[in-house]
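Here's a structure for you.
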Amino acid sequence: MTTDAPPEEAVPTTDFTMRFTSTPRGARLARRLVSHRLSEWGHPYDSAANETVTLIAAELTANAVRHGHVPGRDFHLRLTVAAGILRVEVTDTRTEQLPEFGEQLPESECGRGLLLVSLLACRWGVSPRTDAPGKTVWAELARHVRTQGAEPTCG
């Protein structure tokens, strides 16, 4: 005997992907577009979700420009919202430069980006690029499902 299970509810996915020049200007534009897209998708500019994901995107794109730059190659940014997860991915073409935490000296002006990402994101990691040389650094932030304007959470 078989029973027909009710159809599973489809989870809407919102997706934004764009290629940017691997320059500080490209990183700045990517950060601004992340904030703009999130606002269009119901996460206002002054919401915790928008501010947090935009800051994470700023750190990941800055790292792609500073550490993942290959002359003549761009970096790619992908922003998705699905099943209550806000995810940002930044792909560059440097395979040998994997992200790592630097030594945190009090007087240092750099080296805190991934520490900040690890504190803000619920999860983050690095995946090899499958279709070309390089890697994708990604971070996720969970939020309450079906609650418009809910604050981000990690579970």
Plane angle bin for H36 and Y45 - parallel if under 30°, tilted between 30 and 60°, otherwise perpendicular: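 Tilted, since the angle between the ring planes falls between 30° and 60°.
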Check against side-chain contact (heavy atoms from CB on, under 4.5 Å), D131 and R129: CA-CA 6 Å; D131 57 345; R129 193 171 177 187; 3.4 Å; yes
A62 to A27 - nearest heavy-atom pair and separation: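 The pair with the smallest heavy-atom distance is N-CB, 4.3 Å.
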T91 side, atom OG1; R78 side, atom CZ - distance, nearest 0.5 Å: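 Rounded to the nearest 0.5 Å, the OG1-CZ separation comes to 9.5 Å.
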Note, T54 side chain near R31 side chain (heavy atom, < 4.5 Å):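 Side-chain contact under 4.5 Å: yes.
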Close side-chain approach of L141 to L120, heavy-atom, < 4.5 Å: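 When only atoms from C-beta onward are counted, L120 and L141 do not touch, as no gap falls below 4.5 Å.
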Distance, nearest 0.5 Å, that separates CD of E89 from CG of L60: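 So the gap between those two atoms works out to 10.5 Å.
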Spatial distance of atom OG1 (T61) from atom CG (L29) [nearest 0.5 Å]: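 Nearest 0.5 Å value for the OG1-CG distance: 10.0 Å.
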Pairwise distance OG1(T21) to CG(D74) - rounded to 0.5 angstrom: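 Result: 6.5 Å between the selected atoms.
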Nearest atoms (heavy-atom pairs only) where A139 meets A121: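 Between these two residues, the closest heavy atoms are CB-CB, 3.9 Å.
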side-chain contact (heavy atoms from CB on, under 4.5 Å) between V90 and T136, worked out: CA-CA 5 Å; V90 177; T136 298; over 6 Å; no
Inter-residue atom distance L114.CG - I56.CD1, 0.5 Å rounding: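 Output value for this atom pair is 11.0 Å.
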Joint hydrophobic cluster, V34 plus V65, side-chain heavy atoms closer than 4.5 Å: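 Looking at the clustering, V65 is in the same group as V34.
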All pairs passing salt bridge (Lys or Arg N to Asp or Glu O under 4.0 Å) where residues 38-60 contributes a residue, at least two apart: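 Pairs touching residues 38-60 that pass the test: R37-E40.
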Heavy-atom side-chain contact between V88 and T80 under 4.5 Å: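 Heavy-atom side-chain distance check fails, nothing below 4.5 Å.
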Under 3.5 Å donor-acceptor, S47 side chain and P44 backbone: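 Such a contact is found between S47 side chain and P44 backbone.
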Any side-chain heavy-atom pair of R19 and R73 under 4.5 Å: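 The answer is no, as the side chains (C-beta and beyond) never meet within the 4.5 Å cut-off.
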Within one Ile-Leu-Val-Met-Phe-Trp-Tyr cluster: L38 and F20, side-chain cutoff 4.5 Å: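 Result: yes, single cluster for both.
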Criterion side-chain contact (heavy atoms from CB on, under 4.5 Å) on V53 and L79, from CA distance to verdict: CA-CA 9 Å; V53 174; L79 178 65; 4.0 Å; yes
Beyond-backbone contact of K135 with D92, side-chain heavy atoms, under 4.5 angstrom: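 They are in side-chain contact.
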Side chain to side chain, H43 and L86, heavy atoms closer than 4.5 Å: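 Answer yes - side chains close enough.
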Side-chain touch L77/F16, heavy atoms, less than 4.5 angstrom: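 In short, these two side chains touch, coming nearer than 4.5 Å.
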Residue pair V70 / S22, side-chain heavy-atom distance below 4.5 Å: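 The answer is no, as the side chains (C-beta and beyond) never meet within the 4.5 Å cut-off.
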Taking every non-hydrogen atom, the tightest pair across W124 and S118: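 Of all heavy-atom pairs spanning W124 and S118, the closest is NE1-CB, 3.4 Å.
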Straight-line distance of W41 CH2 to D15 CG, nearest 0.5 Å: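 Result: 6.5 Å between the selected atoms.
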